[in-house]
Amino acid sequence: MADDKKLTTRADDFSAWYNELVLRAELADYSPVRGCMVIRPLGYGVWERMQRALDDMFKATGHVNAYFPLFIPESFMSKEAEHVEGFAPECAVVTHGGGKQLEERLVVRPTSETIIYSMFAKWVQSYRDLPLLYNQWANVVRWEMRTRLFLRTMEFLWQEGHTAHATHDEAEEETRRMLGVYRTFMEEYIAMPVITGQKTDAEKFAGALRTYSCEAMMQDNKALQAGTSHNLGQNFAKAFDLSFQTETGEQAFAWNTSWGVSTRMVGGMVMTHGDDNGLRLPPRLTPIQVVIVPIWKTDEERTATVEKARAIAEALGSFKLHEHERIRLHVDDRVGIKPGAKYYHWELRGIPLRLEIGPRDLASNSCMLVRRDTREKTSVSMDDLATEL
RNA sequence: CGGGACGUAGCGCAGCCCGGUAGCGCACCUGAAUGGGGUUCAGGGGGUCGCGGGUUCGAAUCCCGCCGUCCCGACCA
């Protein structure tokens, strides 16, 4: 892939800058199918780290993971009036299978409220069965008119939390709690400033009582809807007969919430931190935190600097950042590519720190440490390396 | 779905107006020299010119139809 031309600048054309950056940094690529994208290893590596952190936060707030099917009977979608009205225009529908026309058409899930609450209805009889606190990691499909890499694709990856509660207040508390989890994640992991608030009736989720949203503030002064949390009231419970017997023996409908964040957050991260030199990946989400570039002229120097680079990678690789997290390093020992070209390569990809180790550094027992965010260079003694990082 | 661009080698493009059997840059392969911020030179491989039809002795080029992509708007995680 040719990285040899300069990026379009943000000031010139923010939208072109974004597209070029996503492609050239190899986060994602266009697929043969319009509106769909291939998420490449760097982009997927970021998404995996997002998943891991969020999943831990969901578990810590009492949720469990499960998985519901991709296909939803078309009739399910119509059971909640507002829901079908909102989603029907953007549904992909399977009409044939095994060479035969289907008796009932199947909707490829645009979201899973209907299938999940139909199952909840089977599993809940008593107030003792509540609350149900579920989450699933899945792909969903929405037939979008106009798409953009990560920000709006026809198929995207996300998580959707679905819960059922005995009372309105408990559901409302859950809705707000998860909005808070999203906010914490976006601020502490993506380092992305967000404003939270309630959506208008026109903008709320199709079928919800109330929708709360995390609006992330981007460099071009636009807001990106980065996460939503819905109080669904009893709308779906009534549609799918999700009811239970209360402590006093009466029948009551459950109160539901749903909440989701998607691969759109990767796009938000790009637009929050990227600059005219490329990506800047947040340290907690980047697959590689430190890239080590050995520099050599002769074969002897190559052997020596590569060996030193690997030794450093191994030594620092055992260094714990947090309880279960170690520093993630990569040694770029590719032959035939000049050091300068490697610098550009890793800067474009937003790797936070770069260590340069050449023959002169070996002689002085030091190395050059370069920050991606400020591009500031400092010479660091080998002995202070761990502290410096 | 409305408006605008565009489809020629992996990527970016020229050639089209004025028809004559395809070219440039980057990337890739080989060799040599180089090597602390995008190396240089030499050689080399790679293309049913988006698809279908028409005009013509001959179409990347002209005509008709279709498909697709990107950008801007309305709608959305």
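Each chain gets a letter, A, B and so on, in the order its sequence line appears, and its residues count up from 1. Quick caveat, the model's predicted, so the values are computed rather than measured.
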From [options], pick the nucleotide closest to the side chain of [X]?
| X | options | answer |
| --- | --- | --- |
| A/Arg375 | B/C71, B/C1, B/G37 | B/G37 |
| A/Glu90 | B/G36, B/C76, B/A77 | B/C76 |
| A/Glu356 | B/A74, B/A77, B/G36 | B/G36 |
| A/Arg152 | B/G36, B/C76, B/G37 | B/C76 |
| A/Arg264 | B/G37, B/C76, B/G36 | B/C76 |
| A/Asn19 | B/C70, B/C76, B/A74 | B/C70 |
| A/Lys338 | B/C71, B/A74, B/G35 | B/G35 |
| A/Glu144 | B/U39, B/C71, B/C76 | B/C76 |
| A/Gln225 | B/G37, B/A77, B/C71 | B/A77 |
| A/Val370 | B/C76, B/G35, B/G37 | B/G37 |

Given that both distances must come in under 3.5 Å, which nucleotide forms a Watson-Crick or G-U wobble pair with [N]?
| N | value |
| --- | --- |
| B/U48 | none |
| B/C24 | B/G12 |
| B/A60 | none |
| B/U30 | B/A42 |
| B/C75 | none |
| B/G68 | B/C6 |
| B/C18 | none |
| B/G37 | none |

When the [atom1] atoms of [N] and [M] are considered, how many whole Å apart are they?
| N | M | atom1 | value |
| --- | --- | --- | --- |
| B/C29 | B/C67 | P | 40 Å |
| B/A74 | B/G20 | P | 46 Å |
| B/G46 | B/G4 | P | 42 Å |
| B/U34 | B/U40 | C1' | 7 Å |
| B/C57 | B/C11 | P | 37 Å |
| B/G47 | B/A22 | C1' | 9 Å |
| B/U21 | B/C49 | C1' | 12 Å |
| B/U61 | B/C17 | C1' | 10 Å |

Whole-Å distance between [N] [atom2] and [X] [atom1]?
| X | N | atom1 | atom2 | value |
| --- | --- | --- | --- | --- |
| A/Tyr343 | B/G36 | OH | C1' | 5 Å |
| A/Leu23 | B/G12 | CG | C1' | 13 Å |
| A/Arg40 | B/C11 | CZ | P | 12 Å |
| A/Leu362 | B/G36 | CG | P | 16 Å |
| A/Leu149 | B/A77 | CG | P | 19 Å |
| A/Ile295 | B/G36 | CD1 | C1' | 5 Å |
| A/Met154 | B/A77 | CE | C1' | 15 Å |
| A/Arg334 | B/A27 | CZ | P | 13 Å |

Distance check, rounded to the nearest 0.5 Å: A/Phe68 atom CZ versus A/Ile115 atom CD1? 8.0 Å
Mind checking the CZ-CD spacing from A/Arg49 to A/Glu325? Nearest 0.5 Å is all I need. 6.5 Å
For A/Val108, the rest of its hydrophobic cluster, which grows through side-chain links under 4.5 angstrom: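 Same cluster as A/Val108: A/Leu70, A/Phe71, A/Val94, A/Leu102, A/Leu106, A/Val141, A/Trp143, A/Met154.
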Under 3.5 Å, is there any donor-acceptor pair linking the side chain of [X] to the base of [N]?
| X | N | answer |
| --- | --- | --- |
| A/Lys377 | B/G36 | no |
| A/Glu347 | B/G37 | yes |
| A/Arg302 | B/G35 | no |

Are A/Tyr344 and B/G38 stacked, counting the six-membered base ring, centres under 5.5 Å, planes under 30°? yes
Between the base of B/A77 and the ring of A/Trp158 - centre-to-centre under 5.5 Å, planes within under 30° - is that a stack?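 Whether judged by distance or by angle, A/Trp158 falls short somewhere, so it does not stack on the base of B/A77.
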Contacts of A/Arg371 that satisfy salt bridge (Lys or Arg N to Asp or Glu O under 4.0 Å) - sequence neighbours left out: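 Applying salt bridge (Lys or Arg N to Asp or Glu O under 4.0 Å) to A/Arg371 gives A/Asp373.
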What is the nucleic acid contact for [X], judged by heavy atoms within less than 4.0 Å: base, sugar-phosphate only, or nothing?
| X | answer |
| --- | --- |
| A/Ser15 | sugar-phosphate |
| A/Thr153 | base |
| A/Pro359 | base |
| A/Gly260 | nothing |

Can you confirm whether or not the ring centre of [X] sits under 6.0 Å from the ring centre of [Y]?
| X | Y | answer |
| --- | --- | --- |
| A/Phe236 | A/Phe120 | no |
| A/Trp255 | A/His165 | no |
| A/Trp259 | A/Phe58 | yes |

Indicate yes or no for a side-chain donor-acceptor contact from A/Arg326 to the backbone of A/Ser318 under 3.5 Å, with no hydrogens or angles considered.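 Present.
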If we count only N and O atoms by modelled type, under 3.5 Å, do the side chains of A/Arg354 and A/Tyr343 hold a donor and an acceptor together? no
On RNA chain B, check which nucleotide each of A/Met368 and A/Glu155 is closest to and give me the residue with the more 5' one.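 In this pair, the answer is A/Met368.
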